[in-house]
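Just below is one structure, and these are the notes that go with it.
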Number of protein chains: 2
Amino acid sequence: MSKCEQCIVREFSSLKALNKEEILRIADCKSSYTIKKGEPIFSEGENVNGIFCIKDGVCKMTKLSANGNEQILKLITKGELLGQRSMISDEPVNLSAVALEDMEVCFIPKNEVMRFFNQNNQFSMNVLKNICGDLKEADDHLVAMAQKPVKQRLAETLIYLFDSFGTNPDKSLNIKLSREEIASMVGTATESCIRLLSDFNKQGVIQLSGKKIIIPDRDKLSKLTQ
Amino acid sequence: MSKCEQCIVREFSSLKALNKEEILRIADCKSSYTIKKGEPIFSEGENVNGIFCIKDGVCKMTKLSANGNEQILKLITKGELLGQRSMISDEPVNLSAVALEDMEVCFIPKNEVMRFFNQNNQFSMNVLKNICGDLKEADDHLVAMAQKPVKQRLAETLIYLFDSFGTNPDKSLNIKLSREEIASMVGTATESCIRLLSDFNKQGVIQLSGKKIIIPDRDKLSKLTQ
DNA sequence: TTCATTAGATGATAAATATCATATTTTTTT
DNA sequence: AAAAAAATATGATATTTATCATCTAATGAA
């Protein structure tokens with residue numbers, strides 16, 4: 001069992017506020033899991049009772065809409081925490097987390113996290129600011145969904161992927177998503193998404209090569225978001 | 001200047017965690033304002049540096065989309081607080097608040113609120129839980145916007161208004177909104193909104209009488225949301 | 001009250017998006 | 001490697017939604 005001291009999650013998340021002693025305590029009580037691509041870390045409605053540290057890999061945060069469609073709200077990647085909101089609200093999680101690639105995660109039980117939360121002011125402030133950031137993002141996202149047409153939303157989604165995951169040497173997006181998954185980020189039908197990608201390709205804003213999406217010029221694509 | 005002790009905001013908001021002494025302190029440092037219908041309490045991008053208590057009246061929380069349309073994200077009514085997220089993130093507000101009717105509000109400067117925040121654990125926990133609730137709501141709302149057609153979203157909006165503001169004796173919604181405002185809650189064109197309201201009327205799910213919207217049977221309307 | 005202005009309503013039409021069908025390509029399984 | 005399955009692509013069409021035009025009703029100012 002690792003000591004958590006060198007963990008990337010400690011480096012990048014709210015946990016950076018914890019001191020050595022507190023980190024050791026976590027190392028003691030955490031449990032580690034490997035999640036295979038396609039498997040859930042948790043599912044909408046579950047009682048999670050703790051938070052997950054994403055040590056490696058990427059997952060999608062999804063919610064089933066009433067008509068059975070899955071909406072992807074965001075992607076979470078290594079270094080981040082999952083389940084903070086639900087832990088604080090003391091409610092079941094409202095989103096599912098599903099691995100997009102094989103993942104390494106750790107679980108820290110609620111009572112431990114809440115101990116730090118109550119005794120370490122910097123930690124609780126970090127968590128709070130994180131959630132505030134999520135709320136702002138959610139509001140922005142909501143307005144885009146309500147007001148922007150599919151073409152603009154698709155462009156925004158591609159920019160989001162570019163900014164969050166960067167590109168490979170060939171400038172293809174460094175995140176593996178099916179067209180169906182991109183569509184459910186955008187909030188549109190898979191065929192519409194494919195068609196628009198194809199249009200972007202013809203316009204020269206992106207290049208499609210197999211299922212790879214190449215973004216030669218971020219600015220050019222970015223213009224399509226407004 | 002009132003003493004805040006009997007204030008409805010104290011009764012219903014996070015402020016209920018404050019003790020008598022703390023409330024007196026607020027009474028001392030607060031400033032009271034009357035906001036006329038149509039006027040903003042604050043606007044997107046402003047540095048607010050404190051929170052507002054809504055003593056009376058209702059306001060809309062809006063955000064301008066890139067194409068110049070206003071989206072109404074939610075309505076805030078008496079007893080609630082405004083500006084918590086922005087104060088905690090130490091950022092300009094990301095939404096505008098505009099009075100839908102004449103309002104009574106009080107402003108509490110940031111340094112005072114933060115003092116309570118740091119010294120009164122129950123208060124900070126209340127604020128945190130509030131923001132967590134907002135985040136959950138925003139996620140749900142986002143999925144509805146992305147996945148549901150306009151007709152369903154309109155029905156949801158009417159249900160939201162019914163549940164939040166109730167009805168007059170004639171079962172008309174007890175909140176005054178123009179068709180344009182309803183449309184910008186739903187995220188659609190004003191004409192489309194009017195047309196659908198007219199359809200609902202013909203279907204007998206609602207009744208239109210002047211600009212009043214009468215909801216004789218919540219359940220019947222509720223069925224249109226799925 | 002009367003006029004002017006704004007809000008609401010509705011038709012006609014255009015544009016955006018979804019759906020269904022089917023072909024092609026890619027991936028997985030055998 | 002071959003066969004099967006799944007994902008991607010694209011055409012045809014239907015449905016949804018927006019836009020523009022025009023009319024009517026409601027509201028506010030003189």
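By convention in this document, chain letters (A, B, ...) are assigned in the order of the sequence lines, proteins followed by strands, and residues within each chain are numbered from 1.
Rounded to a whole Å, the NZ atom of A/Lys148 is 16 Å from the P atom of C/dA16. We find that CD of B/Gln152 is positioned 11 Å from P of D/dT16, with the value rounded to whole Å. Between B/Leu197 atom CG and C/dT10 atom C1' there is a gap of 14 Å when expressed in whole angstrom units. Taking atom CD of residue B/Gln147 and atom P of nucleotide C/dT19, one finds them 10 Å apart after rounding to whole Å. Distance CG (A/Asn201) to C1' (D/dA9): 12 Å, rounded to an integer number of Å. With rounding to whole Å, A/Lys176 atom NZ is found 9 Å from C/dT27 atom C1'. Rounded to an integer number of Å, the gap from A/Glu180 CD to C/dA18 C1' is 15 Å. In this structure, the NZ atom of B/Lys212 is 16 Å from the C1' atom of D/dT27, given to the nearest Å.
Side-chain polar atoms of B/Ser89 and B/Arg85 form a donor-acceptor pair below 3.5 angstrom.
The B/Glu191 side chain lies nearest to C/dT10 when the options are C/dT17, D/dT17, C/dT10. Side-chain proximity of A/Leu208 to the nucleotides D/dT16, D/dA9, D/dA18 is greatest for D/dA9. Across D/dT10, C/dA9, D/dT19, the shortest atom-to-atom separation from the side chain of B/Ile194 is found for C/dA9. Listed nucleotides: C/dA9, C/dA18, D/dT17. Nearest to the side chain of B/Ser192: D/dT17. Nearest to the side-chain atoms of A/Lys211 among the listed nucleotides D/dA18, D/dA7, D/dT10 stands D/dA7.
Mapped onto DNA chain C by nearest heavy atom, A/Arg153 and A/Gly210 fall at different nucleotides, with A/Arg153 at the one closer to the 5' end.
The shortest distance between the side-chain N/O atoms of B/Thr188 and the OP1/OP2 oxygens of D/dA18 is below 4.0 Å.
You'll find the side chain of B/Lys129 stays beyond 4.5 Å of the side chain of B/Ile131, heavy atoms only. A 4.5 Å side-chain heavy-atom check between B/Met103 and B/Asp56 finds every atom pair outside the cut-off.
Between the side chain of A/Arg195 and the base of D/dG11 there is at least one donor-acceptor pair of N/O atoms closer than 3.5 Å. Contact annotation: side chain of B/Arg179 to base of C/dT10, donor-acceptor pair absent below 3.5 Å.
Using cut-offs of 30° and 60° for the angle between ring planes, the A/Tyr160 and A/Phe165 rings count as perpendicular.
A salt bridge links A/Glu44 with A/Lys63: the distance from a Lys NZ or Arg NE/NH1/NH2 to an Asp or Glu carboxylate oxygen falls below 4.0 Å.
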